[in-house]
Amino acid sequence: MKVRTRFAPSPTGYMHIGNLRTALYEYLIAKSQGGDFLLRIEDTDQKRYVEGSTDIIYNTLKTVHMDWDEGPDIGGNYGPYVQSERRPIYKEYAQKLVELGGAHYCFCAAHDDEDDGDDENKIPTKFKDPCKRIPLEEAKARVAAGEPYTIRQTINKKGVSHFHDEVYGDIEIDYDELDEGVLLKTDGLPTYNFANVVDDHLMGITHVVRGNEYISSTPKYNLIYEAFGWTPPIYVHVPPVMKDAQHKLSKRNGDASFQDLVAKGYLPDAILNYIALLGWNPGTDQEIFSLDELKKCFTAERLNKSPAIFDIVKLTWMNGCYIRELPTEKFHEMAMPYYQKYLTRDLNLPMLSKVLQPRIETFGDIEAQTDFLEKMPEYSLELYTNKKMKTDIDIAKKTLALTLPALQNVSDWSNENLFEQLKNLAAANELKNGQILYPLRIALSGKETTSGGATEIATILGKEETLRRIQQALQKLGA
RNA sequence: GGUCCCAUCGUCUAAUGGUUAGGACAUCACCCUUUCACGGUGGUAAUAUGGGUUCGAAUCCCGUUGGGAUCACCA
């Protein structure tokens, strides 16, 4: 049987990393076995709907190349793929479930959740609906008379429910723990509890992958499958992605959303690679994976049970690996928007890219790495003193005075030539290379550390600006 | 509170009864070096806890502790 999985987000705002990881696992379970991956929009809660969030979902999946085989935009044989467009289907199946004894009409008012007065002593009890004792004919008459109603699940079963989960193994839950929850709301739309069962069955979903918060309600869904005479899917419950040991990653608190990370200069492929490893491992020491490689080696058996904390530091490292692997031209092209944002001076940008590529971990680092190119910062003369380089203020004064005329005569302003010239200058004056190069770098950057050395910075700045900065430094040194 | 689930270095994880408990990130030291970075070498660092079972337990069982989830006309 062909494997079919679905990503079924609700359009309620941003796409966070946990969502994306669930989508990835769904995608990989299908694609590792040549199956289908479909996209379904679960918009049955009109109150929580956020304009534009379906576009975010489409765009995110597209940028990481997780292509779906069926979905709202491209259609398929099991549509529609937006739940609000499936309203008649749910009503039909809900009524059928009532006839089958798996549900009943309920006329109770909605629960008011506002009284949080004595929360300490509030012990919730299982909701057992009195309406299920209303004779079906009477209930139907009230519905026909226009009385508002919901359809609730009927749970009369006693004892213990068993089911198997691919990650957590065999789970047992007592039927007494199950609520007789609403399946079809007053507004005629289904709740998640009903819609996901009906749709997953109708759409031929073989593997249901979702957060482990659904484990405790899974027996309820199985009861519905059972009442209809349907075969339940294979369940794959995955642990949450955490912000820290206590808190899940959430949209509130400004926690990492995919698009935030991209905006900060993280590469989509690196993000995807990192989250694949948050809760899954290949069983080898390999850590860098393309999506195609993941498709080849992914197996649900190697999914983890315990929550994983999202570690931006490791993601940053991995992003650095991806940046270093970029072809030079590609890196330059991707860095260009950042250059345009932070730099106005006429610089040797290809040289800047060459210097930056092995040094930055995200494109967002460019700003801090290049600020001195734009404007010479204020700096202390103490910077000229460096024990290891055997320089101090006096030596700097002397060597910069030698460097200035030497560079004035240079016509080939390439890094290689500048380095060669200055090495020769050092040798001719019986100086160490560092005694020439270290003060020069300070004079050009005003910073203790920089991306690149003296001659690289000179190359980037160009001859005119380089000479100007050396003159300024000599002035500052009182030479 | 009931129920369910989880527990290996700071973090992500490997080891499905026998390993000096392995790898990666981070961190520290050293090497390379025109600073920084990249790269290389090495170090520090973990089986929450108490009982069992077993010749032998990170691994199996029970208790404890800690954490998470769930108990909506949200998903």
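All chains are named by letter (A, B, ...) in the order of the sequence lines, taking the proteins before the strands, and each is independently numbered beginning at 1. Nothing here was measured: the structure is a model prediction, and the numbers come from that model.
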Residue [X], side-chain atoms from C-beta onward, closest of [options]:
| X | options | answer |
| --- | --- | --- |
| A/Ile171 | B/C12, B/C5, B/U35 | B/C5 |
| A/Tyr168 | B/C5, B/U35, B/C36 | B/C5 |
| A/Glu361 | B/C4, B/U70, B/A26 | B/A26 |
| A/Gln246 | B/G68, B/U34, B/C71 | B/G68 |
| A/Arg359 | B/U34, B/C38, B/C36 | B/C36 |
| A/Lys305 | B/C4, B/C6, B/C38 | B/C6 |
| A/Ala308 | B/A37, B/C12, B/A69 | B/C12 |
| A/Glu213 | B/C73, B/U33, B/U70 | B/U70 |

Contacts of [X] that satisfy side-chain contact (heavy atoms from CB on, under 4.5 Å) - sequence neighbours left out:
| X | result |
| --- | --- |
| A/Glu92 | A/Lys96 |
| A/Ala308 | A/Leu278 |
| A/Arg48 | A/Ser10, A/Thr12, A/Asp45 |

- prompt: Regarding A/Arg142 and the six-membered ring of A/Phe107, is the cationic atom NZ or CZ under 6.0 Å from the ring centre and inside 45° of its axis?
  reply: yes
- request: Would you verify whether the NZ or CZ of A/Lys388 falls within 45 degrees of the ring axis of A/Tyr438 while also being under 6.0 Å from that six-membered ring's centre?
  value: no
Paired with [N]: which nucleotide, if any, by Watson-Crick or G-U wobble criteria at under 3.5 Å for both distances?
| N | value |
| --- | --- |
| B/A37 | none |
| B/U3 | B/A69 |
| B/C55 | B/G18 |
| B/A24 | B/U11 |

- prompt: Who passes salt bridge (Lys or Arg N to Asp or Glu O under 4.0 Å) against A/Lys158, sequence neighbours left out?
  reply: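 In terms of salt bridge (Lys or Arg N to Asp or Glu O under 4.0 Å), with neighbours along the sequence ignored, A/Lys158 is linked to A/Asp176.
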May I ask you to check whether [Y] and [X] place their ring centres under 6.0 Å from each other?
| X | Y | value |
| --- | --- | --- |
| A/Tyr25 | A/Phe298 | yes |
| A/Phe163 | A/Tyr221 | no |
| A/Phe331 | A/Tyr322 | no |

When the [atom1] atoms of [M] and [N] are compared, how many Å lie between them, rounded to an integer?
| N | M | atom1 | result |
| --- | --- | --- | --- |
| B/G56 | B/A37 | C1' | 49 Å |
| B/U47 | B/U13 | C1' | 13 Å |
| B/A58 | B/U8 | C1' | 7 Å |
| B/A48 | B/A7 | C1' | 7 Å |
| B/A26 | B/C32 | P | 22 Å |
| B/G2 | B/U64 | P | 12 Å |
| B/A46 | B/G23 | P | 14 Å |
| B/C61 | B/C9 | C1' | 27 Å |

Under-3.5 Å donor-acceptor pair between [X] side chain and [N] base:
| X | N | value |
| --- | --- | --- |
| A/Arg441 | B/U34 | no |
| A/Tyr214 | B/A69 | no |
| A/Thr150 | B/C73 | no |
| A/Lys432 | B/U34 | no |

query: When the distance from CD of A/Glu325 to C1' of B/C38 is rounded to whole Å, what number comes out?
result: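 Rounding to the nearest Å, CD of A/Glu325 and C1' of B/C38 are 12 Å apart.
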Which is true for [X] with a 4.0 Å heavy-atom rule: it touches a base, it touches only sugar-phosphate, or it touches nothing?
| X | answer |
| --- | --- |
| A/Tyr274 | nothing |
| A/Thr455 | base |
| A/Ser306 | sugar-phosphate |
| A/Gly320 | nothing |
| A/Asp45 | sugar-phosphate |
| A/Ala454 | base |
| A/Lys47 | sugar-phosphate |
| A/Met318 | nothing |
| A/Ser10 | sugar-phosphate |
| A/Phe310 | nothing |
| A/Gln369 | nothing |
| A/Thr449 | base |

Taking only side-chain N and O atoms of [X], does any of them lie within less than 4.0 angstrom of OP1 or OP2 on [N]?
| X | N | value |
| --- | --- | --- |
| A/Thr44 | B/A75 | yes |
| A/Lys185 | B/A75 | yes |
| A/Arg152 | B/C73 | yes |
| A/Arg324 | B/A37 | no |

Polar side-chain atom of A/Asp412 near backbone of A/Asn417 as donor-acceptor pair, under 3.5 Å: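 Flag not set: sc A/Asp412 to bb A/Asn417 has no pair under 3.5 Å.
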Using a cutoff of under 3.5 Å, can you pull out all pairs of nitrogen or oxygen atoms linking the protein to nucleotides 14-17 of chain B, with atom names and distances?
| from | atom 1 | to | atom 2 | distance (Å) |
| --- | --- | --- | --- | --- |
| B/A14 | OP1 | A/Asn281 | ND2 | 2.4 |
| B/A14 | OP1 | A/Asn304 | OD1 | 3.4 |
| B/A14 | O3' | A/Arg302 | NH2 | 3.4 |
| B/A15 | OP1 | A/Arg302 | NH2 | 3.3 |

- prompt: Under 3.5 Å, is there a donor-acceptor pair linking the side chains of A/Ser353 and A/Tyr339?
  reply: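 Yes.
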task: Please determine if A/Asp200 and A/Arg40 form a salt bridge, counting it only when a charged side-chain N lies under 4.0 Å from a carboxylate O.
output: yes
Just the table, please: protein N/O against nucleotides 23-25 of chain B N/O, every pair under 3.5 Å.
| from | atom 1 | to | atom 2 | distance (Å) |
| --- | --- | --- | --- | --- |
| B/A24 | O4' | A/Glu287 | OE1 | 3.3 |
| B/A24 | O2' | A/Glu287 | OE1 | 2.3 |
| B/A24 | O2' | A/Lys314 | NZ | 3.1 |
| B/A24 | N3 | A/Lys314 | NZ | 3.1 |

